[in-house]
Amino acid sequence: MKFEHELKVIRKGVEEIIPEEELIKKLEKSEKTGKPLRIKYGIDPTGYDVHIGHLVPIRKMREFQDLGHTGVIIIGDFTAQIGDPTGRDESRPPLNAEMVKSNSEKYMEQLFTVLDASKTEVRLQSEWFGKMGMMDVLKLMGKFTLAQFMAHDTFRNRYEQGLPLGMHEIMYPILQGYDSVAIESDVELGATEQKFNILCGRDMQRIYGMEQQIAVLSPILLGTDGIQKMGKSMNNYIAVFDTPNDKFGKVMSIPDALILNYFNYATKLDPDEIEKIKKELATGINPMIYKKMLAREIVKLYHGEEAGMEAQSAFEKVFSNKELPDDIPEITMTDDKIKMIRLLVDNQLCASNSEAKRMIMQNAVTVDGEKWSDVEGDLQITDGLVIKVGKRKYLQIKKDQG
RNA sequence: GGAGAGGUUCCCGAGCGGCCAAAGGGAACAGACUGUAAAUCUGUCGUCAGACGACUUCGGAGGUUCGAAUCCCCCCCUCUCCA
């Protein structure tokens, strides 16, 4: 069959393609005309912390790019004012132009760790929505009925549960859908929860008499807690900006049952190889071995091979062998002694005096490996002392004689 | 516009005049253990103060009371039903 290779690449790690037959037609057409397909993905510039869950569809975009197609990233400066109803982020501070600009720049910087910049277009929603007036908006809204929206889980559930549902929120899928018209997308990427919004884009294109886009839906990546989807509000995410050591550690903290899932969706590993790992894990082997490999693979993706190895040895050093890490934050002190509690709070090892005391009482504080138990005590400062709080917080003191 | 329900500590959610810094669960953190920042168990979880005690907190502003998250008044917000 024609396009067998392309389809195999596109299908990999994808939950659903709607409709697949049309995608084949589009591929054919693209080949015939030599015109690359336009692959859309939208982001809301409400913040800029990108986590590896976001990158599942982005990696898919890269694969499209490698097949010669064009990625189009939409900066949702209008939808950001609404907040994706499926995302359920509470606070929506109004965004001004500078914030949009700086957020999206930082956002793109992270996406370009994956994307091919030469085949990426970045577009702002305000390019088209900024020109619209009330009449245009009414016309857009008239294309859909309330029943269509209430048939959608997110809206219906919130309505039925008696939760607030703003009128403007139903505009979200409409705006996102119109984006597809504006940029004439052939394919829109997103996680499965985006199905409704992306299909809205299809409807919108049909209404405007255009060729309709294909939805290519990625699975939702679970967070490090293994229960909820990875998200900023849940504090269960691995960020692109996390240090290699943090990425490694966070991967090590996922439940064992999640290992294969992450291999599938958060790494570039070949499916055959993942199949092998699956079999290995089923033999009852210590999952840690493969979790380390997973962590290494993920670090590698963003920081390179060497960083992956380094993060692993740092992890083993600190957690398996309980040695000191290489990069301990340092402070320089001139005094001969300091109250321990103050030292901990002043250097952000603890959030408050009370917490510092609690930590001491819970045997969480050590000085050069020795437990510190005197809640009120002073620390005699000597050069090179290492303070450790809990499992992960360190501080080294440099004594300035001067 | 009318009638009713509600807004509690990071989240969910109990409390409805003193025994409430506020049950319970989740998250988080710590300790033990371990094969991992897995799992499990135990503990901690407003701030300040030598665990006594003090101060700030229960949508917002007032009031009643020796004393309020709990009662009253006004305001803001959410939900349901009626029009």
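Lettering of chains follows the sequences in order, A, B, ..., and the numbering in each one begins at 1. Note that the coordinates shown come from a computational prediction; the quantities given were computed from them, not determined experimentally.
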Need one value for [X]: base, sugar-phosphate or nothing, where a base atom within 4.0 Å counts as base even if backbone is also close, heavy atoms only.
{"X": "A:K357", "result": "base"}
{"X": "A:N245", "result": "base"}
{"X": "A:F248", "result": "nothing"}
{"X": "A:K317", "result": "nothing"}
{"X": "A:I341", "result": "nothing"}

How far, in whole Å, is [M] from [N] if one measures between their [atom1] atoms?
{"N": "B:rG17", "M": "B:rC72", "atom1": "P", "value": "11 Å"}
{"N": "B:rG1", "M": "B:rC75", "atom1": "P", "value": "12 Å"}
{"N": "B:rC71", "M": "B:rG18", "atom1": "P", "value": "11 Å"}
{"N": "B:rA61", "M": "B:rU56", "atom1": "P", "value": "14 Å"}
{"N": "B:rC41", "M": "B:rA27", "atom1": "P", "value": "12 Å"}
{"N": "B:rG63", "M": "B:rG2", "atom1": "C1'", "value": "28 Å"}
{"N": "B:rG53", "M": "B:rA21", "atom1": "P", "value": "11 Å"}
{"N": "B:rG13", "M": "B:rU47", "atom1": "C1'", "value": "24 Å"}

Is any N or O donor-acceptor pair between the side chain of A:D256 and the base of B:rU36 shorter than 3.5 Å?
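Indeed, a donor on one side and an acceptor on the other fall under 3.5 Å apart.
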Please evaluate the base of B:rA30 for a donor-acceptor partner in the side chain of A:N363 within a cut-off of under 3.5 Å?
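Answer is no: no donor-acceptor pair is held.
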Are there over 12 heavy-atom neighbours, none belonging to A:Y262, within less than 6.0 Å of that residue's OH?
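Check passes, neighbour count above 12.
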Do other residues, nucleotides or ligands put more than 12 heavy atoms under 6.0 Å from A:E306 CD?
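Atom CD in A:E306 is not packed in, count stays at 12 or less.
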What I want to check is whether the side chains of [X] and [Y] have a donor and an acceptor closer together than 3.5 Å.
{"X": "A:Q213", "Y": "A:R202", "answer": "no"}
{"X": "A:T243", "Y": "A:N245", "answer": "no"}
{"X": "A:K40", "Y": "A:S180", "answer": "yes"}

Taking the side chain as everything from C-beta on, heavy atoms only, tell me whether A:K398 gets closer than 4.5 Å to A:I331.
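Not touching, per the 4.5 Å side-chain cut-off.
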Pairing partner (Watson-Crick or G-U wobble, both distances under 3.5 angstrom) of B:rU70
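Checking every strand shown, B:rU70 finds no partner, since no pair has both distances under 3.5 Å.
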My understanding is that a pair needs two contacts under 3.5 Å, Watson-Crick or G-U wobble. By that rule, which nucleotide pairs with B:rU40?
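Result: B:rA32.
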Centres of the A:F129 and A:F78 rings: under 6.0 Å?
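A:F129 vs A:F78: aromatic centres under 6.0 Å.
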5′-ward residue of the pair A:V345/A:S320 relative to RNA chain B:
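The 5'-side residue here is A:S320.
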Taking the nucleotide of RNA chain B with the nearest heavy atom to each, does A:G162 or A:K322 sit closer to the 5' end?
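The residue whose closest nucleotide sits nearer the 5' end is A:K322.
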Output one line per pair: protein atom, nucleotide atom from nucleotides 20-29 of chain B, and distance, for all N/O pairs under 3.5 Å.
none

Geometric cation-pi criterion A:K278 and A:F263, 6.0 Å radius, 45° cone:
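Cation-pi check for A:K278 and A:F263: fails.
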